[in-house]
Visitor: 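There's a structure below that I have some questions on.
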Number of protein chains: 2
Amino acid sequence: MKKKDYNADKYDKPSVTVDMIIFTVKDDDFNVLLVKRNIPPFENYWALPGGFVRIEESLDEAAKRELSEETGVKDVYLEQLYTFGNPKRDPRTRVITVAYFALINSKDLELKASTDVSDVKWSSVYKMPELAFDHKTIIEYAVKRLRWKMEYTTVGFKLLPKKFTLSQLQNIYEIIFNKKFDKRNFRKKILSLGLIEPTKEKTMNVSHRPAELYSFKRKIGEIIEIL
Amino acid sequence: MKKKDYNADKYDKPSVTVDMIIFTVKDDDFNVLLVKRNIPPFENYWALPGGFVRIEESLDEAAKRELSEETGVKDVYLEQLYTFGNPKRDPRTRVITVAYFALINSKDLELKASTDVSDVKWSSVYKMPELAFDHKTIIEYAVKRLRWKMEYTTVGFKLLPKKFTLSQLQNIYEIIFNKKFDKRNFRKKILSLGLIEPTKEKTMNVSHRPAELYSFKRKIGEIIEIL
DNA sequence: TGAATAGTGTCTTTCAGACAATATGCC
DNA sequence: GGCATATTGTCTGAAAGACACTATTCA
């Protein structure tokens, strides 16, 4: 069969959703945003935020819409992860979901802290509750992808505010990879990339030696875009 | 809005297809399989093989089905590439397509050479005709992904028959990356991976020094699976 | 001055890349 | 012997990893 028939309505159509894996590093923990479902199926289970793709919007637009609905943040890193389409993944009807992951920095995060009503929460990736659908699998997949990309690109920088210290950056790597790195080697490597530069500022009001604040040279975007 | 409403039929549903980017290296060229459309839209244009996802099959199953319908081959490398969902990508109706790429080795290929009727052909990736829909973009994306993966994993080995020479392997890399590699460095690197071993056989009936045939130690699968 | 974190340099090992001569089989 | 391709090793430079002490601020 080679598209002899183009009648799209000849077949039953699946529903298509986007699901968002929204990561952040907060309170020295690797977090993902979850929402509590208040309707069946999986009523009262925690799940990834998401929703139906509207007929006139692209997948990226749907993802951005969902992201902004859940968090209010806009200028974040967003990447299509994978499309999950097992016919049994939703017990009711056929739903194919396009998963996206987003990286939010801890600074922007505070803005929306007010929205933290009881049905939305940040959950540690290392201690997740039981989740609806195949969302556990999806998150595991997203974690793998994020780690892989953080080894070969600079996506990880998107988890930081505009100005940051090298210790903060190292801290993010250590939390996400769940292991320690040597401080000298880490700094040597990061600085050798030539992507960040010291500002004239230092951290204030700390009861120890203040750290230099760095900022991006704004061309990180390109470097992430490998694949 | 947090999934207040689960009525999937409340929204118009898009159609969902799979499109297959089937790569092979053949006659010293990097090829992709194309089919000629015989119905609108884009009638008489070349396009990627593909078709609607049936309501009861998974995406992977749909991809395998399409692959086997087009090529007759089964045991090949298959990987989900990306999902393209621009609302305007199909001029008629909303179609979201999940693209998969497959790697076929030149040996299996001959089995199906007979199917090469006029509406199916192997096209050089370097000289493609004008294509239907956004299929050019999809192929470019697939080429990027394949190269990226061939740098960091051993997917490329899937383009080879069970027994092969190191020159054949190098040839495949040179064709896909469209550049030459140093023979000694290439062999050193490949052999240092410890993934292949010499068989006792050599190439026959060549009018020059025969080459050693190698085979896999069968655990390449795992190594590819770094997402 | 003590507590807490910031900041810095050397040595070793490993890997990538440049580079050319000999070996084998067929005609 | 001539042709065509196969096979093999060394050197150099770059980057990764192991490793420990001094600097700065505040309380």
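All values derive from a computational prediction rather than experimental measurement. In the text below, chain A, chain B and the rest are named by the order of the sequence lines, each starting its count at 1.
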Visitor: Return the value, rounded to whole Å, for the distance between atom CZ of A:F186 and atom P of C:dA6.
Guide: 12 Å

Visitor: C:dA20, OP1 or OP2 - any side-chain N/O from B:R184 closer than 4.0 Å?
Guide: no

Visitor: Is any side-chain N or O of A:K189 under 3.5 Å from a base N or O of D:dG17, one able to act as donor and the other as acceptor?
Guide: no

Visitor: Do A:E140 and A:K144 sit within salt-bridge range, that is, some charged N less than 4.0 Å from a carboxylate O?
Guide: no

Visitor: Measure up the A:F42 and A:Y45 rings against each other and bin them: parallel (under 30°), tilted (30 to 60°), perpendicular (over 60°).
Guide: perpendicular

Visitor: Is the ring pair A:Y141/A:Y82 parallel, tilted or perpendicular, if the boundaries are 30 and 60 degrees?
Guide: tilted

Visitor: When the distance from NZ of A:K188 to P of D:dA18 is rounded to whole Å, what number comes out?
Guide: 11 Å

Visitor: Nearest whole angstrom, please: distance from the C1' of C:dC19 to the NZ of B:K180.
Guide: 18 Å

Visitor: Distance check needed: D:dT24 P versus A:H208 NE2, whole Å only.
Guide: 15 Å

Visitor: What's the CD1-P distance between A:I190 and D:dA15, to the nearest Å?
Guide: 15 Å

Visitor: Over how many whole Å does the gap from A:Y173 atom OH to D:dA16 atom P extend?
Guide: 13 Å

Visitor: Can you say whether a donor on the side chain of B:R209 sits under 3.5 Å from an acceptor on the base of D:dA4, or the other way round?
Guide: no

Visitor: So B:W148 and B:Y152, would you call those rings parallel, tilted or perpendicular, with 30° and 60° as cut-offs?
Guide: tilted

Visitor: Output the single nucleotide from D:dG9, C:dT8, C:dG7 whose closest atom is nearest the side chain of A:A211.
Guide: C:dG7

Visitor: Which part of the nucleic acid does B:S167 contact within heavy-atom distance under 4.0 Å: base, sugar-phosphate only, or nothing?
Guide: sugar-phosphate

Visitor: Once you round it to whole Å, what is the distance between C1' of D:dT25 and NZ of A:K202?
Guide: 11 Å

Visitor: How many whole angstroms separate atom CG of B:N205 from atom P of D:dA6?
Guide: 15 Å

Visitor: Can you find a donor-acceptor pair, distance only, under 3.5 Å between A:K183 side chain and C:dT5 base?
Guide: no

Visitor: Taking the six-membered ring for Trp, are A:F181 and A:F186 parallel (under 30°), tilted (30 to 60°) or perpendicular (over 60°)?
Guide: tilted

Visitor: Between A:S207 and A:N185, just flag the one whose closest nucleotide in DNA chain D comes earlier from the 5' side.
Guide: A:N185

Visitor: Per the atom types in the model, does the base of D:dC19 pair as donor or acceptor with the side chain of A:D182 at under 3.5 Å?
Guide: yes

Visitor: Could you please name the option among C:dA6, D:dT25, C:dT24 that lies closest to any side-chain atom of A:R187?
Guide: C:dA6

